[in-house]
Amino acid sequence: MFGRLMRARFIGFIIPAGVAGLILELFANDKITLYIHPRYKIFSLTMAILALILVSVYFVATKAWRTALKPDQKKKKLPITETIVVVLFLIIYTMPPSTLSSRAVERKTVNLPSSSSISPEDLIIDCPQEDPASLELWVFYLSAYDPACYEGKAIEVEGFAVDAADSPAPDGYFYLGKLMVSCCVIDARPYALPIELPQNFQEEVNSWYKVNGTLTTVDLPAGRSVVVDVKEISSVEAPENPYDYYSQ
Amino acid sequence: MGNYLLAGLFLVFFGAFYFLYANRDQIASAIIRGDFSGLSSYQLAFKDFFTLMTGVIVEAFPFVVLGVGVSVLVQRYMTTERLKKILPNNKVARRGVLSFSGMLMPVCECGNVPVARSLLIRGFSVQESIVFLLAAPSVNLVTILVTLEAFNFNKSVAVARVVATLIIANIAAILVGMLINKDKMLTDDFQAKCDAESKHEHRRGFLRSLDLFKSELWLITRLLFIGAAIAAASQTFIPADTITAIGSSIFLSVVAMLILAFVISICSSVDSFFALAYVNSFSLGAITAFLIAGPMVDIKMIALMRSTFTVRVVALISATVFILSLITGVVLSYVW
C-alpha cells in the first residue's frame, strides 16, 4: 500500500507544487526572510507562482488526474529516493518556520571588529557620513575605518550574548552579536561587538539585550579594539527575525 | 545499490536521533506548537538541520524553476540544426563559445543542470555540456560583478576566478572525453531519454513542453532535496570552523577552503561575500580556490549531476576540479 502510494504519479507534481506552495506561504506570512536574503523575495515569489501555474496547467491540460493515483510501473516496489523526499518534504512542510538555534552560533567563528589586524595605512581615514544601519555593518565599519572616526560616538545596538568558543571575550567584556545572512541561512555567520560589562551585571549567553553606550578604543589582550562603553543595558525579547542581512 | 545505501544512511540517521535523543513530548511540542525550549542540544541540532535544509530548498528551488524553464525553451525552440548553425563547427571553437554562454544566462549552478541536460538532448557532446555546466556559474555577468565588488581591494581575484574556471572546465571536459568510454558517460535513464527525444524531435507542442517541464522539475527537485539534506547534515554535524581550523599552512588552508566549498554548497552569485569573511584567516589564493571550485563541484551539485552523468564521470570531474583548484590556490598564495 505504502509502496504503491510512493510510486503514484501524483507524487511527481505534488512535491514541486508543494515546495512552490511552501514558498508562497512563507511569503504570505512574511517568514520567507527566516530562510533567505530579502533581495530574493520577489524572484522567489515569481518563480513559485510560475511553477504552480505550469504544474496546474499540466494537470488540467494533460488530464493527469486520470492517472494520478496509478503507480508508475517502471519504478521499484518501494522507490527509496521518492520515499526519502516525501518524508523530508512532510517534515519541512509541517514544521513551523524556525530560526537557527544558539547551537549553530557556538560552532562558528565570530566576526569581531578587528582594526588591530589591519595595518594602519589600509584603514580608511575619510570618515563615513552616515552611521551603519546594522550590527554587521558596525563590525565592518569599525574594522575598515580609522577608529578616530568613532571615538566617543553614541551607539545603540540590539543582539544576543554570544558564546565565542574559539575566541572568548576578555575579562570585563562580553560579545553582543547577531547572525548575518548573505544568501540563505546556510551561510549565516555571527557578527559581534565587545561590550564592557557594567558593574553588577552578568550576561546570560543567548539572551537578547539592548545596549546604549559610546564607542571607545582600548587595548585588549588580542590587540587594540573598539568596544562599547555601556551607559544603559536592558533585557529584550528575542525578535521574531533575529538575522541581519548582507548589505554592503 | 546507491538507493539502498542512501536509504540505509537515512534510517541510521533518523533512527539514532529518535531512539537515543528524542523526548517524544518535546518533539511533539516543537512540531505542533513551535516550542523548541525543551529540546536538548542534539534535538536542537536536528531543528537546525531542518532549518538549514529548508533554507537551501527555498533558496535554490526558484533557480531550478528558471533553469528548467530555460531548458524547456531550448528544447522547444532550438532544434539541433538551428543550434549547430549558430555555434561554430570546429569543436574547440564551439567549446570556447559554450564556456562563455553563461554570460547570457545568469542562472545559479542548480539552474544550469537542466540547461546542460537540454544541450545533451539537442545532440551536443558530453564534453560540450560539461564545459557549459562547469564554466557558466562563474563565467557570468552577475558572478563577475559581485566578485569584483566583494574583492574591490584586489580585482585580480575576479580575473583569476574567471580564467581558472575556463581552463579547469575545459580540462575536465577533455579528460572525460579521453578517459571514459562514450557509452559509459550518461546514466541509462538519461541515455534512453536522449535516444527517445532524438527520434521525436518534431514533437514540440505545448503539451509536450509542459510534460517536459513537469518531469524535469520533479527530477531536479528530488535531487535538490537529497543534496540539501546532505549539505545541511554536513554543516550541522561537521561545523565549518572545524574545517577551517586545519588551515595552518598554505597547502592545508587551500585544502580547508576547498572542503568548505564542497560542504557549504553556496550559490556562485553570492559566494564572494561569504568568502570575504575568511580574508583575515586565509590566504587570498585559498579564497580564490574556494570561489573556483565551489560553483563547479559541491554536495548539492554532485546530487544534481547524478541525474545525468554516471558515477565515474562525476568522480573524474570532481577529482579534476579539486586537484586543479588546489594547484591554482597554492600557486596564487605564493604569487600574491
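Residue numbers start from 1 in every chain, and the chains themselves are labelled A, B, ... in the order their sequence lines are given, proteins ahead of strands. Note that this is a predicted model, so its numbers are computed, not measured.
The two residues Leu223(B) and Ala303(B) come nearest to each other via the heavy atoms CD1-O, 3.5 Å.
Both the backbone and the side chain of Ile186(A) come within less than 4.5 Å of a heavy atom of chain B. Looking at Leu45(A), there are no atoms closer than 4.5 Å to chain B (heavy atoms on both sides), in backbone or side chain. Residue contact with chain B, scored on non-hydrogen atoms closer than 4.5 Å, involves the backbone and the side chain of Phe89(A) alike. Using a 4.5 Å cut-off between heavy atoms, Ala20(A) touches chain B through backbone and side chain atoms alike. Interface residue Thr54(B): backbone and side-chain heavy atoms are both found under 4.5 Å from chain A. Neither the backbone nor the side chain of Leu34(A) comes within less than 4.5 Å of any heavy atom of chain B.
In terms of heavy-atom pairs under 4.5 angstrom with chain B, the leader among Val57(A), Thr62(A), Leu22(A), Leu50(A) is Val57(A). With chain B as the partner, the residue from Ala61(A), Ser101(A), Ala48(A) showing the most heavy-atom pairs under 4.5 Å is Ser101(A). Contact count versus chain B (heavy atoms, under 4.5 Å) is highest, among Cys184(A), Ala17(A), Gly12(A), for Gly12(A). Options Ile57(B), Val64(B), Leu207(B) differ in how many heavy-atom pairs under 4.5 Å they form with chain A, and the most are formed by Leu207(B).
Atom OG in Ser44(A) sits 9.0 Å away from atom CZ in Phe27(A) (nearest 0.5 Å).
Contact check on Asp211(B) versus Lys214(B) returns no salt bridge, with no Lys/Arg side-chain nitrogen under 4.0 Å from an Asp/Glu carboxylate oxygen. Salt-bridge check for Lys178(A) with Glu136(A): failed, with every basic side-chain N at 4.0 Å or more from each acidic carboxylate O.
Within a 6.0 Å sphere centred on CG of Asp188(B), heavy atoms belonging to other residues, nucleotides or ligands number 12 at most.
Between Trp208(A) and Phe160(A), the angle of the ring planes lies from 30° to 60°, which puts this pair in the tilted group. Aromatic ring orientation, Phe43(A) versus Phe63(B): tilted (interplanar angle from 30° to 60°).
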